[in-house]
Amino acid sequence: MPEASLSPEHQNGDPAQPASRQGVSRLAPSPTGALHLGNARTFLLNWALARRGGWSLVFRIEDLDGPRIKPGAAQAIADTLHWLGIEWDTHPLGTAANNALVQSTDLSPYREAMERLASRAAAYPSDLTRAQIEAAASAPQEGVSEVVFPASLRPPVGPRGFDLPESNWRFVTPPGTVGFDDAFAGRQVVDPASSIGDFVIWTKRGTPAYQLAVVVDDHRQQVSEIVRGDDLLPSAGRQLLLYRALGLGPEPRYTHVPLVVGADGRRLAKRHGDSRIDYYRSRGVRRERIIGLVAWWSGLLPSRQELSPDDLVAAVDLTLVPRTPAVFTPEDDAWLTR
Ligand code: GLU
């Protein structure tokens with residue numbers, strides 16, 4: 001990989017000139033299932049923005065979510081990405097197989113981060129159950145799938161060792177707001193202390209939770225440009241707090257793009273029929289059709305037309321991407337398979 005020189009202009013909020021940016025971005029799939037039109041759109045946009053912006057691109061397999069990980073899915077995702085024309089760079093932490101950093105192969109960087117947080121009184125073990133936390137929360141949290149961990153449940157926390165790796169550990173979320181400039185979603189000001197409270201950063205399975213692992217890895221892979229679905233927008237504030245508590249920098253720039261939904265407005269899933277890329281591939285659909293559909297959804301084409309990977313790079317422009325979710329309709333499916 002061309003060694004990225006991460007200059008101070010990558011600091012969050014600095015109006016760096018796009019033409020002079022030299023960034024590093026990443027594709028970070030969780031191998032929990034096959035690539036479908038929704039995550040393929042995000043990856044295609046990420047790849048095209050990286051090519052367009054002259055950023056290098058690294059590949060990471062986020063396989064720490066034990067029960068949801070599917071054997072073979074990581075390789076299948078890499079194969080499907082290649083078929084779509086998406087390539088990435090080598091990286092010193094990458095494996096021989098796909099130049100991928102595979103999170104489960106070495107937990108020591110995450111343990112070191114936990115040591116640092118625990119020694120700074122920024123993390124503590126807590127085995128309270130969801131029911132106990134819900135019972136302590138002041139008001140019912142309707143429609144919220146995450147449980148807010150109220151500060152009242154936080155025990156006294158002092159500097160300590162990371163001595164109970166078979167417990168859940170929570171982050172001491174500091175009070176106050178976190179602001180950042182999202183390259184697509186615009187200025188964001190979030191309040192993690194009230195919207196989530198002390199969130200889990202290490203699980204009793206003995207593995208880091210997503211929020212911690214992603215920060216440790218984005219830092220050690222020198223990632224400066226994070227492009228991902230806007231379902232993760234609420235995570236960005238938590239991740240910035242972890243960068244700060246760990247003393248890591250420069251902080252990345254975030255680009256959160258809308259997801260793809262079905263005609264019912266719900267996030268693309270099995271209930272909308274088979275939208276896996278491999279399904280279309282097995283039916284003889286050319287990748288140019290999938291890329292063209294993605295480009296049309298993204299405001300980059302006036303109508304559904306075939307588009308090559310190189311032409312997507314030439315066309316990609318975040319200012320054209322609609323602010324609302326892309327909708328996968330039966331007409332899209334009919335056009336793909338026509
Ligand atoms: N692995 C996560 C996912 O597939 C993405 C994490 C990220 O981009 O920060 O949803």
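Computed over heavy atoms, backbone and side chain alike; hydrogens, waters and symmetry mates excluded. Atoms within a ligand are numbered from 1 in the order they appear, just like the ligands themselves.
Of all protein heavy atoms, the one closest to atom 6 (C) of ligand 1 is Glu62 OE1, 3.3 Å. The nearest protein atom to atom 3 (C) of ligand 1, hydrogens excluded, is given as Ser30 OG, 3.5 Å; this is a heavy-atom distance.
Among pairs with a residue in residues 328-338, those fulfilling side-chain hydrogen bond (donor to acceptor under 3.5 Å, both in side chains) read Tyr280-Asp333, Trp297-Asp332, Arg304-Asp332, Thr329-Glu331, Thr329-Asp332, at least two apart in sequence or across chains. Listed by first and then second residue, the side-chain hydrogen bond (donor to acceptor under 3.5 Å, both in side chains) pairs involving residues 114-124 are Tyr124-Asp198 (not counting sequence neighbours).
Taking any N or O of Ala28, backbone or side chain, at least one lies under 3.5 Å from an N or O belonging to ligand 1.
One side chain, Asp264 or His272, offers a donor N or O that lies under 3.5 Å from an acceptor on the other.
Each of the atoms 9 (O) of ligand 1 lies under 4.0 Å from some heavy atom of Val214. Listed by number with element, the atoms of ligand 1 under 4.0 Å from a non-hydrogen atom of Arg228 are 7 (C), 8 (O), 9 (O). Per-residue contacts place Tyr210 under 4.0 angstrom from the following atoms of ligand 1 (heavy atoms of the residue considered): 6 (C), 7 (C), 9 (O).
Contacts between Arg26 and ligand 1, counted as non-hydrogen atom pairs separated by less than 4.0 Å, involve the side chain only. With a 4.0 Å heavy-atom cut-off, ligand 1 is reached by the side chain of Leu232 but not by its N, CA, C or O.
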Chi angles and distances behind the salt bridge (Lys or Arg N to Asp or Glu O under 4.0 Å) call for Asp127, Lys204: CA-CA 8 Å; Asp127 282 325; Lys204 58 185 180 216; 5.4 Å; no
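No side-chain heavy atom of Phe171 sits less than 4.5 Å from a side-chain heavy atom of Ile196.
A salt bridge links Glu251 with Arg244: at least one charged nitrogen is closer than 4.0 Å to a carboxylate oxygen.
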